[in-house]
Amino acid sequence: MTRRTKNCWAGAAAVALLSTTVTACGEDSWAAGDDPADFFDGQKIELVVPFSAGGGYDTTARLLEPYLEDALPGKPNIVVTNLPGGGGLAGIQYAVKQDPGKALGMFALDKWYTPQLVGETVEGFDYKDIDLMGTPNSATEHLACARKDKFTSWEDIKDGDTLKFGGLSAPGGTERQVQFLEMGGFPVEVVRGYDGVEEIVASFARGETDATVRCASSFGITEYPEVIKDPGLVPLWYSDVSPTQEYLTELGMDAAPEDIPELTELPGLDVSSDQVDAYRAAARFDDYARSMFIHKDLPAEIAEVWHQAFEEAVTNEEFRAKLVQAGEVGEYKPTEDIEEAVSMVEDLSPEGREIFKQFIELPE
């Protein structure tokens, strides 16, 4: 093995949950065949959270930081930096503008990645420049519920009335479930403009909205025992993973998991196969918030080290226990899982691709 001048890479990180950029300060700093530890030895690597401190992205990044340090050779110094702006785009743009081929990042696929799968562009970010590694804690459990004082059955909703769900200011996200039901002729609508998930759940508990698609454990509905007790909750549907009997009991619901229909199988739903395929493809990407990537041009040996270190860190039992303690419930999703979701989009018919665009937030 040829030994080169000891690595003088300067870390600079970037992106939607986590990102790292390293810039070489000399042509002979590191080359294929050198010890990967020399690449990372003594380096400061920023984990750039593209949102403010205190949220789920920030929590995940700070919990993951020490485990990544331990998993990487050379024991680099990883530092979390918050870089909010543009709905997370500022952090991504910062990452990809660094020396190309030497960036590592983590971001929400459903917002900045999926539009590019159907021909849209995102300024300052080309998804073809990245190599996805997986998601540390995907949200695979989705349960919709309504207040008992606002809902008894779909048949009892009067003509002209709608079941109102709270939503963020932009389309897409978990509220696309409601959008899908609207396509199928159900009397539902999304009241947009809430600042975040916590405010959506709080507004539901206060009675400002009739129902919420954020009734799963990861969204904190159990922090509002008053609405669970009075007026009580009724399940509407689930998506992806069915809730457990234990959780339904915790919500005070008089229902068994097998009694709750999956969203696309709700009785009376009038949708085409293209609409179902487009919805399922779009909803699949809800699982991949906080996905981690490296630049496709990163040296193959270093890319492999990052892939291995990421998997080692996110599957560490202690790290996963800390995620649960912090309320960040979710599963590790490897690259292969994301590739399956990408294939679902690629396999859509021309009509399905146009419908898919309706389910995602297209860049302005």
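Values in this document were obtained by computation on a predicted structure and should not be read as measured data.
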Pair N82, Y57: side-chain N/O donor-acceptor within cut-off below 3.5 Å = no
Is it true that E346 and R353 make a salt bridge, defined as a side-chain N closer than 4.0 Å to a carboxylate O?
-> no
Does a side chain donor of either E262 or T264 reach within less than 3.5 Å of an acceptor in the other side chain?
-> yes
Whether Y113 and Y127 hold their rings parallel, tilted or perpendicular, with breakpoints at 30° and 60° = perpendicular
Would you confirm whether the ring centroid of W306 sits within less than 6.0 angstrom of the ring centroid of F39?
-> no
Please say which of S239, P243, S242, C215 ends up in a side chain to side chain contact (heavy atoms under 4.5 Å, CB included) with H142.
-> S239
For the pair R320 and E331, find out whether any cationic side-chain nitrogen is under 4.0 Å from an anionic carboxylate oxygen.
-> no
Would R147 and D149 pass as an ion pair if we require N to O under 4.0 Å?
-> yes
Test ring pair (Phe, Tyr, Trp, His ring centres under 6.0 Å) on F359 and F356 and set out the steps.
-> CA-CA 5 Å; F359 285 124; F356 179 83; 7.9 Å; no
Is the Lys NZ or Arg CZ of R176 less than 6.0 Å from the centre of Y279's six-membered ring, within 45° of the axis?
-> no
Pick one: which of R290, R62, K322 meets salt bridge (Lys or Arg N to Asp or Glu O under 4.0 Å) with E328?
-> R290
Do you see a donor-acceptor pair shorter than 3.5 Å between the side chains of Q308 and E304?
-> yes
Verify the distance criterion only: is there a donor paired with an acceptor across the side chains of W237 and E265 at less than 3.5 Å?
-> no
Under 6.0 Å between ring centres, would you say that holds for W154 and F186?
-> yes
Identify the heavy atoms of I157 and P187 that sit nearest to each other, and give their distance.
-> CD1-CG, 3.8 Å
